[in-house]
Amino acid sequence: MKKKIKWLSLLCLSPVFFGCVEEFEPENITEVLEGALVVDARISDQNMQHTIFLTRTFPFEAAMPIQESGAQVNILDDLGNSINFLETAPGTYNTSSAITLQHNRAYTLEITTVDGVRYSSNAEAMPSRVEVAEVHAERRVNSSETEGIAILVDNQDKASQPNYFRYEYDETYKVVAPDFNPFTWDVIDYDFFCEDDDGWEVTVAPRGEDANICFANEKSNDIILASTANLTSNNLDDYEVRFLGTDNYAISHRYSILVKQYHHDINAASFFNSLNDFSSSESIFSNVQTGQLEGNINVENSDVAIVFGYFELSSYSEKRLFFNYEDFFPNEPLPPYIINCDFTSGPELYPEGFHATVIDGKVVIDGTSNSPLIDGILAGLLGYVGDNENYLEVDEAGEADGSPFLTKALGCVDCRVYGNNTPPDFWIEE
């Protein structure tokens, strides 16, 4: 018996679209949906190892999704050829090698879980290839009256039927530490009265590797959809896939974005549009209560099992763009840094009221035994800015300055908090 998925839920978007479900009306929906199989199967015509993710629905208050292990997963073409997927991590199934699905073939996804329940998708055809013609950037003001940079896509297709697209992006950008120092922490010693007859000790030394300029990477986590169905031509012109306001640090120096275009059919477009609506907090209380989210995967041999997800086939095209902030905002102030680096602190090496004595050869410490400075360094919170010239000086109240160093948040001093100090292989300067 085939059972198509129809349910009411709030989905939490992530790189795996179907990871989290919050109960929704009616009140007993949790009992109905708990343990439903969730399938994330997005396969393109790229020559690569492809991946399918299987999880189970779980209560909203649960910390992590439940990975579905031990399943048999394969794709069959209309000639009976089978492509097998092997489990490489809990709930993650990959092809053993790179494969390429053909545009003139129809494919069906088949899954058998360890409890013997069989699932299969509708037969789906691989759509034709539509190339990204251009990705470009433009300075503009968006609908929220925010000034920034819009990332725009153009493509062209001579086919008479409307096209439907889903977009993802990977963005990479320079991170320049505003308070970089060529010296950093060296000895961090909590041993008291060690061989050098010293107390707690913190020293600095020249850095062993660069921490001034790094490269951060972010991936899209929204459902970005486009269609030519309501256009006078079958081309997309200046379609916005990303907007970065002038307060976004990513565009502060040099920025690159790889726009990924997936050309799928009208059924996939309908599913992802519905998924987008279900995931919108604005529409949850207005549209979803009487709505249904139906995929193309069916239960074959159970009256109680439920499956949610979609077997998407798409043709793929991509293009990369680089630009510098000064290309669009010459001589204008840079966006603010990722964190506020205005504050300079000087945690003390010894806490207030600290006193240590040696009794019968053992160190006895009065009060707290934690160093604000050492604890902050070990926790990865503090970066070295410079020596405190006022260290141990006594003020008018008779209090000595117990801060040997000036510090800031580590990310202000060391860019590796936010990225990698090695440029990616694709990176080019102007």
Side-chain angles (χ1 to χ4, degrees), residues 4-7 9-22 33-46 48-58 60 62 64-75 83-95 99 101 107-114 117-122 124 126-127 164-170 219-225 260 262-265 267-279 293-299 305-316:
K4 292 188 176 180
I5 52 96
K6 298 182 179 181
W7 62 6
S9 63
L10 168 61
L11 298 171
C12 300
L13 293 182
S14 68
V16 178
F17 284 151
F18 319 113
C20 168
V21 177
E22 180 182 359
L33 298 181
E34 188 170 352
L37 183 67
V38 180
V39 181
D40 180 2
R42 291 168 286 160
I43 309 296
S44 72
D45 61 352
Q46 299 173 84
M48 59 179 286
Q49 278 189 288
H50 290 275
T51 303
I52 292 173
F53 300 97
L54 301 182
T55 57
R56 293 281 179 176
T57 56
F58 62 96
F60 184 68
M64 293 292 292
I66 302 169
Q67 311 300 329
E68 180 66 16
S69 290
Q72 298 178 16
V73 181
N74 64 291
I75 293 176
I83 301 170
N84 296 322
F85 286 70
L86 304 177
E87 188 171 16
T88 57
T92 300
Y93 297 81
N94 291 304
T95 55
I99 63 168
L101 270 61
Y107 297 91
T108 302
L109 172 65
E110 293 189 345
I111 300 169
T112 302
T113 52
V114 290
V117 179
R118 297 194 306 273
Y119 306 82
S120 67
S121 73
N122 300 339
E124 301 291 342
M126 180 66 70
Y164 301 88
F165 303 99
R166 180 171 59 82
Y167 289 95
E168 297 175 357
Y169 59 79
D170 287 355
K219 296 180 183 294
S220 55
N221 57 11
D222 296 324
I223 300 176
I224 306 170
L225 303 172
K260 304 176 180 181
Y262 299 89
H263 179 215
H264 56 202
D265 63 20
N267 295 321
S270 177
F271 175 82
F272 283 105
N273 270 302
S274 297
L275 180 60
N276 214 11
D277 290 340
F278 271 59
S279 304
L293 185 58
E294 184 172 318
N296 63 350
I297 303 174
N298 314 300
V299 181
I306 297 176
V307 61
F308 174 75
Y310 200 88
F311 175 48
E312 179 201 24
L313 294 183
S314 61
S315 62
Y316 179 80

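Counting from 1, the numbers follow the sequence of the chain as shown. Values reported hereafter were calculated over all heavy atoms of this structure, with side chains retained and with hydrogens, waters and symmetry mates removed.
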Practice task
State, yes or no, whether a side-chain contact exists between Asp40 and Ile52 at a heavy-atom distance under 4.5 Å.
Solution key: no
Exercise for the section: Kindly indicate whether the side chain of Thr112, heavy atoms from C-beta on, has any atom under 4.5 Å from the side chain of Val117. Expected result: no
For residues [X] and [Y], report the shortest heavy-atom separation together with the two atoms involved.
X: Ile111; Y: Ala71; result: CG2-CB, 4.3 Å
X: Gly91; Y: Ser69; result: N-OG, 3.8 Å
X: Val299; Y: Ala305; result: CG2-O, 3.6 Å
X: Phe311; Y: Tyr107; result: CE2-O, 3.5 Å

Rounded to the nearest 0.5 Å, how far does [atom2] of [Y] lie from [atom1] of [X]?
X: Ile297; Y: Ser120; atom1: CD1; atom2: OG; result: 9.0 Å
X: Glu294; Y: Ser274; atom1: CD; atom2: OG; result: 9.5 Å
X: Thr108; Y: Asn122; atom1: OG1; atom2: CG; result: 8.0 Å
X: Ser314; Y: Arg42; atom1: OG; atom2: CZ; result: 9.5 Å

Problem - All side-chain contact (heavy atoms from CB on, under 4.5 Å) counterparts of Asn74, not counting sequence neighbours - result: Leu76, Ser82, Asn84, Glu110
Practice task
Return the set of residues passing side-chain contact (heavy atoms from CB on, under 4.5 Å) with Gln67 (not counting sequence neighbours), or none when no residue passes.
Solution key: Thr55, Pro65, Pro90
Problem - Criterion side chain to side chain contact (heavy atoms under 4.5 Å, CB included) on Lys260 and Ser220, from CA distance to verdict - result: CA-CA 10 Å; Lys260 304 176 180 181; Ser220 55; over 6 Å; no
Problem - Carboxylate-amine/guanidinium contact Glu68 Arg56, below 4.0 Å - result: yes
Exercise for the section: Give me the one residue out of Thr95, Ile75, Ile83, Leu109 that meets side-chain contact (heavy atoms from CB on, under 4.5 Å) with Ile43. Expected result: Ile75
With sequence neighbours excluded, tell me which residues meet side chain to side chain donor-acceptor pair (under 3.5 Å) with [X].
X: Thr51; answer: Asn94
X: Tyr262; answer: Glu168
X: Glu124; answer: Asn296
X: Asn267; answer: none

Handout entry: Close aromatic pair by centroid cut-off 6.0 Å: Tyr164 and His264
Key = no
Problem - Polar side chain donor-acceptor pair, Glu87 to Thr92, under 3.5 angstrom - result: no
